[in-house]
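Presented below is the structure to which this report refers.
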Amino acid sequence: MTRTATDDARLRPVPAGATPLVVRAGQAVYGARRLGDLVSRRPAGVTGHQWSSAVREEFDHVVCAAGTGVPLFVVTVGPVAAAGSARQRAERTCAAVCAAVGLPVLRIGSPTLRAAGHGRRIVTYVIDARAYTAGATPDDPDDARVDYRDIVGRLPDGRTGPVNDLGALSRAAAVEAYVSRRLSDPIVRGLHVRWHGGVAEGWSWVEVRPGRCLVERVTVHGTRLNCGVDPGRLAEDLAAMAVGDWLAGVGYDDVTLLDRDELRRQIRALRDRRDELSTPFAFDHLCVD
C-alpha cells in the first residue's frame, strides 16, 4: 500500500535546541509557532486546501512536555474574529486540523488583552490550575475540596482573599483609583456565562463616573482542554484583568464608557437567552433597577 499525505499524521516536537520562555510543572512554554511547525503531516479528513490554509495559522504560545518537546496545548490571545470574516474561516479550519491531530487549543478573545502583555501570565496560570486539579484526591468529600480559584491567602495589597483571582490586582487598583477620586465606585463587578458549543463569556465593569461604566468582555474557548478552573470564572477574571489595564493608564474617554442603564439592558438581554446557555444564568440580581 502506498503511503499518502493523510497517513499517520502526528504532532511534531519543538526542536531540542529551542529555548523555552518558562519551564513549569514539567511543561515548557514556547513563544509563537505556526501550526505547520507542530503537525508533521496532513491528517485524514482534511482537504489539501484546508491544510494549506491551516498550516499558516499562528499560536501565541505552545505548551510542551518538557522532556520530549511534544505539544500538549496551544494558546492564542487577542480580538475575536468578526462573524463570517476570512479570519474566522481560517480559525475554524485551524481548529479542524487541531481536532484531527488531538491538539487542544485555548483561545482567549478580548479587545484589550494581548499575548505580549498578558500571555505568559495566562499560560502559567492555566498550567498551575491544571496541575492543582490533577493532584486533587478524587475521594475527598465535596465540602472539603477547594477549587484552585478559591484558595485563600495574602493578596498583594495586604488583604486576605483568593490568591488565584487574575483580577485581584485590578480590584486593588480600583480601590486606589476611588480613593484618588478617579472612580465614582471602588468595586469591580462582573458576571459570566457558558454557551452551548463550549464558549464561556465573562464581563467585568467599574463605574468611572456616576452612571457611566468602563466595561470589558472576554471569551474563553478551550477546545478539548480542561483549564483547571471553571472557564466562565476564568473569563470573568480575565475581563477584570482587562479593566485593570485601563485603570493602569491605557486611558479612556466618554466614548469608551457605557451608560449604566444600557449595561443593565444588555445584561437583561443576556438573561433572556437562557435557552442558549449550558449552565443556569446566576446573575438575575444585576437585572434589577
Side-chain angles (χ1 to χ4, degrees), residues 1-109 114-116 119-120 122-127 129-131 133-134 197-200 219-228 231:
M1 177 178 176
T2 303
R3 193 183 191 92
T4 69
T6 60
D7 289 337
D8 202 23
R10 61 173 62 87
L11 294 174
R12 175 184 292 146
V14 170
T19 302
L21 301 175
V22 63
V23 177
R24 200 177 188 96
Q27 298 169 48
V29 181
Y30 296 91
R33 294 286 193 284
R34 295 182 307 117
L35 179 60
D37 298 327
L38 307 177
V39 181
S40 58
R41 295 185 183 89
R42 173 164 57 95
V46 175
T47 68
H49 176 72
Q50 289 175 321
W51 175 247
S52 63
S53 172
V55 294
R56 295 192 296 268
E57 289 298 298
E58 188 173 83
F59 304 110
D60 295 318
H61 290 89
V62 180
V63 180
C64 302
T68 65
V70 174
L72 300 175
F73 65 94
V74 293
V75 181
T76 65
V77 183
V80 175
S85 65
R87 172 82 261 139
Q88 187 186 61
R89 290 193 295 273
E91 287 180 358
R92 286 177 174 173
T93 301
C94 180
V97 173
C98 290
V101 300
L103 179 61
V105 180
L106 176 60
R107 195 174 293 278
I108 309 293
R114 295 292 183 272
R120 186 182 300 195
I122 293 171
V123 172
T124 54
Y125 181 91
V126 171
I127 289 174
R130 283 164 52 86
T133 302
V199 178
T219 57
V220 171
H221 192 187
T223 307
R224 299 168 56 91
L225 181 73
N226 181 350
C227 297

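Remember, it's a predicted structure, so these values are computed and weren't measured experimentally.
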What's the shortest heavy-atom distance between [X] and [Y], and which atoms?
| X | Y | answer |
| --- | --- | --- |
| Val80 | Gly109 | CG2-CA, 3.6 Å |
| Ser40 | Arg12 | CA-NH2, 3.3 Å |
| Pro43 | Trp51 | CD-CZ3, 3.8 Å |
| Ala131 | Ala25 | CB-CB, 4.4 Å |
| Gly228 | Thr133 | O-OG1, 2.9 Å |
| Ala18 | Arg33 | CB-NH2, 3.8 Å |

Under 4.5 Å between any side-chain heavy atoms of [X] and [Y], yes or no?
| X | Y | result |
| --- | --- | --- |
| Ile127 | Phe73 | yes |
| Leu21 | Val123 | no |
| Val74 | Leu106 | no |
| Gln27 | Val29 | no |
| Val126 | Val75 | no |
| Pro13 | Val70 | yes |
| Cys94 | Phe59 | yes |

Inter- and intrachain pairs under side chain to side chain donor-acceptor pair (under 3.5 Å), touching residues 55-82, at least two apart:
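Every pair satisfying side chain to side chain donor-acceptor pair (under 3.5 Å) with a residue in residues 55-82: Glu57-Arg87, Thr76-Arg107.
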Hey, what do you get for CG (Leu11) to SG (Cys64), rounding to the nearest 0.5 Å?
9.0 Å
With no hydrogens and no angle check, is any side-chain donor or acceptor of Ser53 less than 3.5 Å from a backbone partner on His49?
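Flag not set: sc Ser53 to bb His49 has no pair under 3.5 Å.
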Surrounding CZ of Arg92 (heavy atoms of other residues, nucleotides or ligands, distance under 6.0 Å), is the total greater than 12?
no
So Ile108 and Thr219, side chain to side chain contact (heavy atoms under 4.5 Å, CB included) or not? Walk me through it.
CA-CA 6 Å; Ile108 309 293; Thr219 57; over 6 Å; no
